[in-house]
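Beneath this line is the structure, given in structure tokens, with notes to follow.
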Amino acid sequence: MKIQIGAIVAERIEERLGYGFQPHELFPAFQPHMLEPLRSWLEPTFYDAAENRLRTSSHSWLLRTPNHLVLVDTCVGNHKNRPQVPRFHMCDTPWLARLAEAGVRPEDIGYVLCTHLHCDHVGWNTRLVDGRWAPTFPNARYLFGRKEFARWDARRPDYRHRHINDHVFEDSILPVVESGQMTLVDDGYELDGVLTVEPAPGHTEGHVRIRLASEGRRAYCSGDIFHHPLQIYHPELYTGFDDNRTQGIATRRSLLSLCAEEDAVLLPAHFAEPHACFVRACGGGYAADFDEVAAQGDAGGAPLSNERAGP
Ligand SMILES: [Zn+2]
């Protein structure tokens with residue numbers, strides 16, 4: 001599926017897709033009544049009622065800008081030692097084969113951008129070569145937010161340990177530092193004149209969103225600002241993985257308002273198909289509009305119309 005945003009083409013590279021958390025496991029403040037008005041379209045793509053499980057995805061966004069191939073977020077990766085999260089432990093997925101199906105070799109990637117440095121967003125930064133972790137993309141600059149890198153730099157004396165991210169700095173970040181491929185970027189950093197790194201704190205302190213702006217079109221790679229479409233209707237739903245839930249809620253609300261105002265495409269990291277949507281202001285809140293994105297994907301990446309879709 002390809003989504004065209006002006007001169008940029010966004011393509012999803014899947015790692016996994018399926019049923020996972022029960023709603024209250026992912027969202028501690030979840031109330032069953034929140035699902036009721038949405039069930040007609042949430043089921044079965046985004047929610048399995050029989051099992052009471054949310055259906056989510058783990059994927060990267062491959063962005064073809066006029067000058068470069070850019071990967072946003074790199075999933076869980078293969079063979080990573082993650083006993084603390086059993087479904088991320090020692091994975092063996094065909095993510096690299098799917099990148100190849102998109103016509104891209106690891107050496108073609110010019111930039112890797114991580115919205116944050118949690119284990120399911122940095123995994124394919126590296127791969128196992130002769131028993132050692134080596135950068136997967138030999139010609140890429142890896143762009144990490146300066147604040148986010150400082151938060152997870154396990155070499156710092158003031159490092160605050162978080163069990164969920166055990167081993168991640170050592171196997172997925174440090175090899176990139178040691179190969180000299182890392183560039184730390186500040187909020188406002190621009191790439192190719194079409195991508196901008198913007199602050200989006202809450203899920204982690206240094207979490208960023210990536211703004212795509214080309215030929216009058218806008219989109220946002222939102223990382224973990226959203227985990228599930230339910231949060232478009234209930235931005236107050238924080239996850240147990242958020243560092244600062246109040247900040248996370250404010251960040252979610254602010255992106256919803258921007259997307260609605262700018263008619264921008266939301267490119268989240270964990271939504272099931274069609275994986276991206278528009279956001280419409282609706283009855284004092286917001287609604288997800290998947291139809292236009294889905295139609296464009298079926299057309300193989302035909303440009304999005306500049307006309308705003310109906311309510
Ligand atoms: Zn995530």
Could you tell me if the side chain of [Y] sits less than 4.5 Å from the side chain of [X], heavy atoms only?
X    : Y    : answer
F27  : F21  : no
L38  : L35  : no
D289 : V279 : no
N81  : D166 : no
Y142 : S179 : no
N139 : I109 : no
N165 : Q84  : no
S257 : R253 : no

Under a 3.5 Å distance rule, please check whether [X] uses its side chain to pair with a backbone N or O of [Y] as donor and acceptor.
X    : Y    : result
E178 : I173 : no
R218 : I5   : no
R252 : Q247 : no
E236 : I249 : no
Q231 : L237 : yes
R141 : M182 : yes
K80  : G123 : yes

Answer with yes or no whether the side chains of [Y] and [X] bring together a donor and an acceptor at under 3.5 Å.
X    : Y    : result
Y47  : N52  : yes
W133 : E170 : no
W124 : S172 : no
K147 : T204 : no
S57  : E14  : no
Y220 : E262 : yes
Q31  : H33  : no
D224 : H121 : yes

Does this structure show an ion pair linking [X] with [Y], if we count only N-O contacts that are shorter than 4.0 Å?
X    : Y    : answer
D153 : R156 : no
D186 : R146 : yes
E273 : R55  : yes

Flag if over 12 foreign heavy atoms under 6.0 Å of [atom1], [X]:
X    : atom1 : value
D130 : CG    : no
R245 : CZ    : no
R132 : CZ    : no

Separation of [Y] [atom2] from [X] [atom1] (nearest 0.5 Å):
X    : Y    : atom1 : atom2 : answer
L184 : E148 : CG    : CD    : 11.0 Å
R12  : L17  : CZ    : CG    : 6.0 Å
L42  : E36  : CG    : CD    : 10.5 Å
L267 : D73  : CG    : CG    : 11.0 Å
W61  : I13  : CH2   : CD1   : 9.5 Å
R209 : T196 : CZ    : OG1   : 10.0 Å

Considering non-hydrogen atoms only, spot the tightest contact between [X] and [Y] and give its length.
X    : Y    : answer
S222 : P268 : OG-CA, 3.2 Å
E198 : R211 : OE2-NH1, 3.3 Å
C75  : E15  : CB-OE1, 3.1 Å

What do the steps show when you test R160 against R151 for side chain to side chain contact (heavy atoms under 4.5 Å, CB included), and what is the final call?
CA-CA 8 Å; R160 283 170 295 129; R151 161 67 184 92; 3.2 Å; yes
Would you sort out whether H207 and T115 count as a side chain to side chain contact (heavy atoms under 4.5 Å, CB included), showing the intermediate values?
CA-CA 6 Å; H207 190 293; T115 57; 3.9 Å; yes
Test of understanding: with salt bridge (charged side-chain N to carboxylate O under 4.0 Å, His left out), list the residues that count as partners of R98, not counting sequence neighbours.
none
Applying salt bridge (charged side-chain N to carboxylate O under 4.0 Å, His left out), can you list everything that pairs with R16, at least two apart in sequence or on another chain?
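R16: no salt bridge (charged side-chain N to carboxylate O under 4.0 Å, His left out) contacts found.
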Do the side chains of [X] and [Y] join up, straight or via other hydrophobic residues, at under 4.5 Å, putting them in one cluster?
X    : Y    : value
Y111 : V104 : no
V185 : V122 : no
I8   : L191 : yes
Y238 : I232 : no
V76  : L62  : no

Students often mix this up, so state it plainly: with edges at 30° and 60°, are the rings of [X] and [Y] parallel, tilted or perpendicular?
X    : Y    : answer
F241 : H227 : tilted
H228 : F46  : perpendicular
H203 : H116 : perpendicular

As a quick check of understanding, evaluate side-chain hydrogen bond (donor to acceptor under 3.5 Å, both in side chains) for T74 and N125, giving each step before the final call.
CA-CA 6 Å; T74 61; N125 283 0; 2.9 Å; yes
Contact list for residues 156-202, test ring-ring contact (aromatic ring centres under 6.0 Å, His included), sequence neighbours left out:
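Applying ring-ring contact (aromatic ring centres under 6.0 Å, His included) to every pair that reaches into residues 156-202, excluding sequence neighbours, yields F149-F169.
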Between H118 and W152, is the gap from one ring center to the other below 6.0 Å?
yes
Validation row, ring centre H24 to ring centre F30 under 6.0 Å:
no
Intermediate values then yes/no, salt bridge (Lys or Arg N to Asp or Glu O under 4.0 Å), R280 and E292:
CA-CA 12 Å; R280 310 294 181 205; E292 198 180 340; 3.5 Å; yes
Residues T136, L96; criterion side chain to side chain contact (heavy atoms under 4.5 Å, CB included); working and verdict:
CA-CA 10 Å; T136 307; L96 269 182; 4.1 Å; yes
Before you tell me yes or no, could you show the steps for F271 and C277 under side chain to side chain contact (heavy atoms under 4.5 Å, CB included), namely the whole-Å CA-CA distance, both residues' side-chain angles and the distance that decides it to 0.1 Å?
CA-CA 9 Å; F271 281 17; C277 64; 4.3 Å; yes
